[in-house]
Enquirer: 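This is the structure, below, for whatever I ask next.
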Amino acid sequence: MSPFFSNKRLIILLVCMIILVALIGYSMSDRKTLSWPEQFVADTVGTVQSAFSIPAHLAAGFFENVRDMRNLYTENQVLKSHLDEFASLQVELNQLRRKNEELEGALDLQDDLDLMDYTVRSAMVIHRSPDRWNELVGINKGAQDGIEEDMAVMTSQGLIGKVKQVSQFSSSIQLLSDQDITNRISAMADGDESIYGFIEGIDNESGYLQFTKLDIDAELETGQTVSTSGLGGVFPEGLMIGEIVDYENDEYGLTQTAYIEPSANFYHLDYVMVVERGAPTLEDDINPDAEADNS
């Protein structure tokens, strides 16, 4: 036998090459249908690809969702910071608007008080004790600025209290709402005839100032304005205090007590005016030692 045909490996290799070439030629021919081996291979490959592609798409979608969530979180944080900044700016704007209105009113009132021969000193509130919120506030003016005890203190809206303690560069103001029994301001209610009495602290139940010691026969009406009377010789006359909202007889039926809604806001105090009485009155000459209690 020829050595060529005795080499079985070579024969097998040649046969495989012939079959491969035949298959390649067959697969490259213009056919509309696939043979069953081609279909088997295509289906097998497709199944394997599907098995790998589904988890791959799920994993890709998961990481894409995570990235989107991270972006949304970052955007949300930025928006929240912008909202916080807007809120703080809105609060600051409201405060500036309120202070501007207060300063404008103070300038107008100061012009009016100057015409009435009152000396007016503007001051800024620098502290307020939380445990004595309704009693005392501090201002940045003292004895060096001409501030003295028992001077009237007011805002552009009305009277808020009087100077209680004075140091060289600051002072403490006792508010009208202080319940101290010595905190008494001489006042009068407008009407056909002036009705005189005293502002003595605040009523705890209603929150209104108490206008006490009023004549039992005095004809009071709601809406009447109450201002300082100037009879004590310390406070100027005509400083606005508030309006009568209610009144009643005292527990003994000897006098009346009216309840006053203050014209000034005791809770928002930024700038105040310390008012010094001008030229002395006839009562000052008669009673120069009038006590601050009857101011």
Side-chain angles (χ1 to χ4, degrees), residues 109 112-113 115-118 134-135 149-164 173-266 275-295:
L109 180 61
D112 296 337
L113 293 175
L115 293 176
M116 298 169 65
D117 196 27
Y118 297 155
N134 290 327
E135 302 176 16
E149 292 183 3
D150 296 324
M151 284 185 175
V153 183
M154 62 186 306
T155 68
S156 59
Q157 299 170 324
L159 187 71
I160 64 167
K162 63 182 179 181
V163 178
K164 184 176 180 65
I173 308 302
Q174 184 180 37
L175 300 178
L176 295 179
S177 54
D178 188 357
Q179 293 285 46
D180 190 341
I181 59 175
T182 64
N183 186 26
R184 175 182 293 185
I185 304 296
S186 179
M188 64 179 180
D190 293 336
D192 294 337
E193 294 184 359
S194 296
I195 303 170
Y196 297 94
F198 298 95
I199 300 295
E200 295 183 302
I202 197 171
D203 179 63
N204 290 326
E205 294 183 1
S206 64
Y208 295 129
L209 297 175
Q210 299 179 108
F211 188 23
T212 64
K213 307 298 188 293
L214 306 176
D215 193 294
I216 190 63
D217 297 323
E219 296 183 1
L220 297 173
E221 296 180 1
T222 58
Q224 283 180 292
T225 60
V226 179
S227 59
T228 56
S229 66
L231 296 180
V234 178
F235 271 30
E237 178 184 356
L239 302 181
M240 183 67 175
I241 297 176
E243 292 185 354
I244 295 178
V245 295
D246 195 11
Y247 53 89
E248 61 183 8
N249 294 340
D250 68 5
E251 56 182 340
Y252 303 108
L254 301 177
T255 62
Q256 298 183 80
T257 297
Y259 299 97
I260 312 300
E261 182 177 10
S263 57
N265 189 335
F266 294 166
V275 183
E276 180 182 2
R277 189 165 185 162
T281 63
L282 179 61
E283 183 175 342
D284 295 333
D285 296 332
I286 296 175
N287 185 19
D289 298 325
E291 296 182 356
D293 289 351
N294 298 322
S295 56

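The shown structure was predicted, so the numbers you read here are calculated from the model rather than taken from an experiment.
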Enquirer: To the closest 0.5 Å, what do you measure between CE (M154) and CE (M151)?
Expert: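 Rounded to the nearest 0.5 Å, the CE-CE separation comes to 15.0 Å.
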
Enquirer: Just how far is it from atom NZ of K162 to atom CD1 of I173, taken to the nearest 0.5 Å?
Expert: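 Answer for the NZ-CD1 pair, K162 versus I173, is 11.0 Å.
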
Enquirer: Show the numbers, then the answer: is there a side chain to side chain contact (heavy atoms under 4.5 Å, CB included) between I160 and L176?
Expert: CA-CA 6 Å; I160 64 167; L176 295 179; 5.7 Å; no

Enquirer: Within the distance-only criterion (no hydrogens, no angle test), does the side chain of Q256 pair as donor or acceptor with the backbone N or O of I216 below 3.5 angstrom?
Expert: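 Confirmed, Q256 side chain pairs with I216 backbone.
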
Enquirer: Under the rule for side chain to side chain donor-acceptor pair (under 3.5 Å), what residues qualify as partners of N204, not counting sequence neighbours?
Expert: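 With neighbours one apart ignored, the set is Q179.
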
Enquirer: Can you sort out the partners of D246 under side chain to side chain donor-acceptor pair (under 3.5 Å), two or more places apart, ordered by chain and number?
Expert: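 Not a single residue meets the side chain to side chain donor-acceptor pair (under 3.5 Å) criterion with D246.
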
Enquirer: Return the set of residues passing side chain to side chain donor-acceptor pair (under 3.5 Å) with Q174 (not counting sequence neighbours), or none when no residue passes.
Expert: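 If we apply the side chain to side chain donor-acceptor pair (under 3.5 Å) test to Q174, skipping adjacent residues, the hits are D178.
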
Enquirer: For the residue pair S186 and L231, what are the closest heavy atoms and their distance?
Expert: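 Shortest heavy-atom contact: OG-CB, 4.0 Å.
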
Enquirer: Can you name the residues that form a side-chain contact (heavy atoms from CB on, under 4.5 Å) with D190, not counting sequence neighbours?
Expert: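 Partners of D190 under the side-chain contact (heavy atoms from CB on, under 4.5 Å) test: T225.
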
Enquirer: When rounded to the nearest 0.5 angstrom, what distance separates CD1 in I185 from CG in L209?
Expert: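 CG of L209 is found 10.5 Å from CD1 of I185.
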
Enquirer: Sequence neighbours excluded, which residues qualify as side-chain contact (heavy atoms from CB on, under 4.5 Å) partners of E261?
Expert: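 Result, side-chain contact (heavy atoms from CB on, under 4.5 Å) vs E261: Y208, V245.
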
Enquirer: Which atom pair, heavy atoms only, marks the closest approach of Q210 to Y259?
Expert: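 Shortest heavy-atom separation between Q210 and Y259 comes out as CG-CE2, 4.3 Å.
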
Enquirer: Could you give all pairs that pass the salt bridge (Lys or Arg N to Asp or Glu O under 4.0 Å) test and reach residues 200-227, with sequence neighbours left out?
Expert: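 Matches after skipping sequence neighbours: R184-E200, E200-K213.
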
Enquirer: Restricting to side-chain contact (heavy atoms from CB on, under 4.5 Å), what partner residues turn up for T255, sequence neighbours left out?
Expert: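 Counting only residues at least two positions away or on another chain, T255 forms a side-chain contact (heavy atoms from CB on, under 4.5 Å) with D250.
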
Enquirer: Considering all heavy atoms of both residues, which atom of A189 and which atom of F211 are nearest to each other, and what is their separation?
Expert: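 It is CB-CE2, 3.9 Å.
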
Enquirer: So which atom in A264 and which in G158 form the shortest heavy-atom distance, rounded to 0.1 Å?
Expert: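 Of all heavy-atom pairs spanning A264 and G158, the closest is CB-O, 3.7 Å.
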
Enquirer: Without swapping roles, check the side chain of S227 against the backbone of I241 for a donor-acceptor pair under 3.5 Å.
Expert: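 Not at all, since once roles are kept as given, no pair shorter than 3.5 Å links the two residues.
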
Enquirer: Kindly write out the residues that satisfy side-chain contact (heavy atoms from CB on, under 4.5 Å) with S194, not counting sequence neighbours, or none if the list is empty.
Expert: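 M188, Y196.
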
Enquirer: Would you name the heavy atoms of Q157 and N265 that are closest together and state the gap between them?
Expert: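 Reported closest heavy-atom pair: OE1-N, 3.1 Å.
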
Enquirer: Side chain to side chain contact (heavy atoms under 4.5 Å, CB included) for V153 and L159? Distances and angles first, verdict last.
Expert: CA-CA 6 Å; V153 183; L159 187 71; 5.8 Å; no

Enquirer: Take D180 and K164, measure what side chain to side chain contact (heavy atoms under 4.5 Å, CB included) needs, and give me the verdict at the end.
Expert: CA-CA 12 Å; D180 190 341; K164 184 176 180 65; 4.1 Å; yes

Enquirer: State the CG-OG1 distance between N249 and T257, to the nearest 0.5 angstrom.
Expert: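 Interatomic distance, N249 CG to T257 OG1, rounded to 0.5 Å: 8.5 Å.
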
Enquirer: S177 and I202: which non-hydrogen atoms are nearest, and at how many Å?
Expert: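 For S177 and I202, the tightest heavy-atom pair comes out as O-CG2, 3.4 Å.
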
